[in-house]
Amino acid sequence: MLRTIDEAIQYIEEKKIERKKKLEDLNVYVCVGTGCAAKGSLKVYEALKKIFKENNVNVNLQKLDDNEERVRKTGCCGRCSSGPWVIVMPYGYFYSEVKPEDVKEIYEETILKGKPVERLLFTDPATGERVERLEDAKFYKAQSFYIMEDIGKCECDSIDDYMGRGGYLSFIKVLKEGNPDWVVKTIKDSGLRGRGGAGFPTGVKWEITKNSKGDRKFVVCNGDEGDPGAFMNRTLLERDPHAVLEGMLIAAYTIGAQKGYAYIRAEYPVAVEMFRKAIEDAKRLGLVGENILGTGFSFDIEIKEGAGAFVCGEETALLASIEGKRGVPRPRPPYPAQVGLWGYPTLINNVETYANVPKIIRDGAENYRKRGVPNSPGTKMFSVTGPVRLTGIIEVEFGTTLRQIVYDICGGLTDDNEFKAVQIGGPSGACLSEAFLDLPLDYDSLKSAGAMVGSGGIVVLSKKACMVEVARFFLDFTKRESCGKCIPCREGLMQSYRILERFTQGKGTYEDLENLEFLAGLIKTASACGLGQTAPNPILSTLRLFRDEYIAHIEGICPSGMCTAFKKYVINPELCKGCGLCARSCPQSAISGERGKPYVIDQEKCAKCGICVEKCKFKAIEIR
Amino acid sequence: MKLKRNFAKVEEILKKHGYRKDNLIKILLDVQKEYRYLPEDVINYIGVALDISPAKIYGVATFYAQFSLKPKGKYTILVCDGTACHMAGSTSLIGAIKEELNIGPGEVTEDLMFSLDQVGCLGACALAPVMVINEEVYGNLTPEKVKEILRNLKEREMENA
Ligand SMILES: Cc1cc2nc3c(=O)[nH]c(=O)nc-3n(C[C@H](O)[C@H](O)[C@H](O)COP(=O)(O)O)c2cc1C
Ligand code: SF4
Ligand code: SF4
Ligand code: SF4
Ligand code: FES
Ligand code: FES
């Protein structure tokens, strides 16, 4: 338990020395983020522990007596599709796709001899060469790690390790200065904008909440991340929970809150667990609780689990949900900064927004602004998925282009795919075509392109993706997630969905196209909350940039071949040997024929299941 | 015969959350973990204990996707249908499960062993398409892999039976 500011500073100095030593010494880091864990990284972790335990490691003729402890857990390294990752310090070797069977070789070559295991080294898709250290790969150089600095070399579940990275010094500095106005000014000068989507200036929000009158005040962290296709908040909470917690502590001190809530969705059990541990450890050291470091400032924090409703990410709905109610938005103003939880002033920010705060205090507003562009300073984490060579979490400065992200960082599209579009900003975001590849990504330029940063999900779409289906998919999502309070959103989204569904089933008409456009505009202007106001974006952006695909659907073709309704299974009589295997396996009894002669498919009966294609050994069944 | 439920477990959960109304969602999540769904009599019990009308609790329970008023399987299969997974072919996984277990989304097998639900993003999009069975995440799936996983689980159950 740290009782004074000086005690805390001294403790941190000790941890810094320990951490420096740790990185110069032999230590193995295993990524246990969700991506790597799903690919078996925990088994690798156990195997490494076991081999360390069973053997007396002699490194530089020094016998290690704390063998097992040298295998450490680290959070997501960003490249989840190539996991599980193992990093061996002090060499910095980055091993990808490690299996428990590989552990013996890592032990014998790297641990005992200090040599890399060539076959496990990561292959840089840009050059096709193996790189010894991640820092040498092109995708790494093209990024700008700031929130994710110390990638692969930080322990996600250790407060001491966080302190060894200088963690909590910003909070201590703020406590020491004792000047909330200075904090507000610093955040304002930094130009930090909320990472939750709308990009509202964080300093301004803090100032309003600080100046609001109330007997009690609250700080809330929005970790709902209901966007399908986005996982940076999850990643951040899992890999660096203390950074988020420290940001919340600074915010609480600044606005004068005594209590905080972290709203994390129940679908993210690991993130919940990590954050819970972070709070407990901070409590144990006296950084959370009563009379923190003897300054008289008290702050307690609680985790609230969400239960799967996208609209709960909307701030007023989220507050209702924290109160234990249905997550239904209410009109703003009054803003939560004035009337929030149980009627008291409440500051609500996104996970990544909070994680930026300790760094801004550490580096100063001036230095912070060196990254990014004037109107959007700093970096942004994006989650990139789709048919690119490397998928996962990236961090880039604002102003980086889509081309840099898709080609330099993610290695371009995988072999049999061709670029068509990116979908950016979640279900309320937009699809951007090839013409936008050189658009610098920041709040303002995306807005002018009819898109938005949103929470930062980027889904790369190839020529195989049907843009009408993409729009249908998002509408299916938003219509389900609409809270139903206002008619334009509830009914409008339903009707728009029905029209889009008609298109994907080959029944769309030109009149539908007009109605769709009309409805989209109406929902956008007449809905009460952000969900309805942005839900038509996928329709509007695809109608604008991919109108020809809608028209093709009306004319009876799905150009990408994705919409099943347009597919036709046909037997090529030239290739058919008349074996009859397909007819026997067709669940619809749609295939008939005579042995030895070409078989035929009855299009009326065919359910387009594709089973017959798999069965035919002569590749005689074609999809047209 | 009407099953008589022992409310000791519910009482324990209520106690853990300090009988606080604002903890309703957490309480329901814990109850669901225990019973694999929200039984009617438990909802009524909670209503009385927290002094919330059962209608309000139903309102909450039906609002959030996580809750179910119908029993779930011993193995709850969640197939992700988020953007990344949908584009990577999550629908074909549903087809594979249907073939293997004969259940569709929102259904449970007769022996209450498996239930299937389609859910929004699970935050493991880099491994799309993804499914989760009782908190274990499976990524980069194909219909064949799904069938194999299910067969292994069935076998394990047979051995334990
Ligand atoms: C439908 C809807 C969903 C939202 N989901 C999220 C979310 O998952 N996470 C988040 O931080 N903000 C979300 N927001 C934005 C929040 O309402 C709010 O603006 C944000 O949390 C403020 O934090 P920031 O200023 O740090 O961005 C959502 C907004 C809407 C309208
Ligand atoms: S716009 Fe949609 S989600 Fe928002 S309040 Fe209206 S109905 Fe609910
Ligand atoms: S399985 Fe192939 S070769 Fe045999 S009858 Fe069917 S289409 Fe012809
Ligand atoms: S696609 Fe399916 S339903 Fe159609 S002919 Fe082939 S097996 Fe029969
Ligand atoms: S989870 Fe290991 S790299 Fe993302
Ligand atoms: S879209 Fe399936 S895990 Fe995110």
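A quick note: this is a predicted structure, and the numbers were derived from the prediction, not measured. Here is how names work: the chains are called A, B, and so on, in the same order as the sequence lines, proteins then strands, and each is numbered from 1.
Taking both residues in full, the closest heavy atoms of Ala266(A) and Leu29(B) are given as CB-CD1, 4.0 Å, listed atom of the first, atom of the second, then distance. For the pair Cys483(A) and Phe63(B), the tightest heavy-atom approach, listed with the atom from each and the gap, is CB-CE1, 4.2 Å. Shown here for Tyr64(B) and Gly327(A), the closest heavy-atom pair between the two residues is OH-N, 3.2 Å. Residues Thr385(A) and Ala126(B) approach most closely at CG2-N, 3.9 Å, considering heavy atoms.
Of the listed residues (Phe310(A), Phe474(A), Phe473(A)), the greatest number of heavy-atom pairs within a distance under 4.5 Å of chain B belongs to Phe473(A). Of all the listed residues (Gly392(A), Ala307(A), Ala309(A)), the one sharing the greatest number of non-hydrogen pairs under 4.5 Å with chain B is Ala307(A). In terms of heavy-atom pairs under 4.5 angstrom with chain A, the leader among Ala84(B), Cys125(B), Ala65(B), Ala124(B) is Cys125(B). Of the listed residues (Ser321(A), Cys80(A), Ala465(A), Pro387(A)), the greatest number of heavy-atom pairs within a distance under 4.5 Å of chain B belongs to Ser321(A). Among the candidates Ile322(A), Thr235(A), Thr34(A), the residue making the largest number of heavy-atom pairs closer than 4.5 Å to chain B is Ile322(A). Contacts with chain A were tallied for Leu24(B), Val130(B), Ile27(B), Leu127(B); Leu127(B) has the most, counting heavy-atom pairs under 4.5 Å. Top candidate by heavy-atom pairs under 4.5 Å with chain B, chosen from Asp227(A), Thr391(A), Val460(A), Val328(A), is Thr391(A).
Side-chain atoms of Arg326(A) do not come within 3.5 Å of backbone N or O of Val60(B) as any donor-acceptor pair. Using a distance-only test at 3.5 Å, with no hydrogens or angles considered, a donor-acceptor pair links the side chain of Lys26(B) to the main chain of Ile303(A).
Of the two parts of Asp81(B), the backbone and the side chain both hold a non-hydrogen atom closer than 4.5 Å to a non-hydrogen atom of chain A. Both the backbone and the side chain of Ser81(A) come within contact range of chain B, judged by heavy atoms closer than 4.5 Å. Using a 4.5 Å cut-off between heavy atoms, Glu323(A) touches chain B through its backbone atoms (N, CA, C, O) alone. Only the side chain of Met562(A) has a heavy atom closer than 4.5 Å to any heavy atom of chain B. Ser462(A) does not touch chain B: none of its heavy atoms, backbone or side chain, sits under 4.5 Å away. Neither the backbone nor the side chain of Ser92(B) has a heavy atom closer than 4.5 Å to any heavy atom of chain A. With a 4.5 angstrom heavy-atom cutoff, Val270(A) does not touch chain B via any of its atoms. Proximity to chain B is absent for every atom of Ala37(A), based on heavy atoms less than 4.5 angstrom apart. For Asn233(A), no part lies under 4.5 angstrom from a heavy atom of chain B.
A distance of 10.0 Å separates NZ in Lys325(A) from NZ in Lys21(B), rounded to the nearest 0.5 Å. Rounded to the nearest 0.5 angstrom, Cys121(B) SG and Glu267(A) CD are separated by 9.0 Å. Note that the CD1 atom of Ile25(B) and the SG atom of Cys312(A) stand 6.5 Å from one another [nearest 0.5 Å]. Here the CD atom belonging to Gln66(B) is positioned 8.0 Å from the CZ atom belonging to Arg265(A), to the nearest 0.5 angstrom. Atom-to-atom distance recorded for Phe231(A):CZ and Leu122(B):CG is 12.0 Å, nearest 0.5 angstrom. Phe477(A) CZ to His86(B) NE2: the interatomic distance, rounded to the nearest 0.5 Å, is 13.0 Å.
Salt bridge annotation for Arg20(B)-Glu302(A): present, with a cationic side-chain nitrogen under 4.0 angstrom from a carboxylate oxygen.
Crowding of Lys615(A) atom NZ: a count of heavy atoms from other residues, nucleotides or ligands under 6.0 Å not exceeding 12. When the shell of 6.0 Å around NZ of Lys259(A) is examined, it contains more than 12 heavy atoms from other residues, nucleotides or ligands. Summarising the local packing, CD of Glu144(B) is surrounded by more than 12 heavy atoms from other residues, nucleotides or ligands at distances under 6.0 Å. The 12-atom threshold is exceeded at NZ of Lys567(A), counting heavy atoms of other residues, nucleotides or ligands nearer than 6.0 Å.
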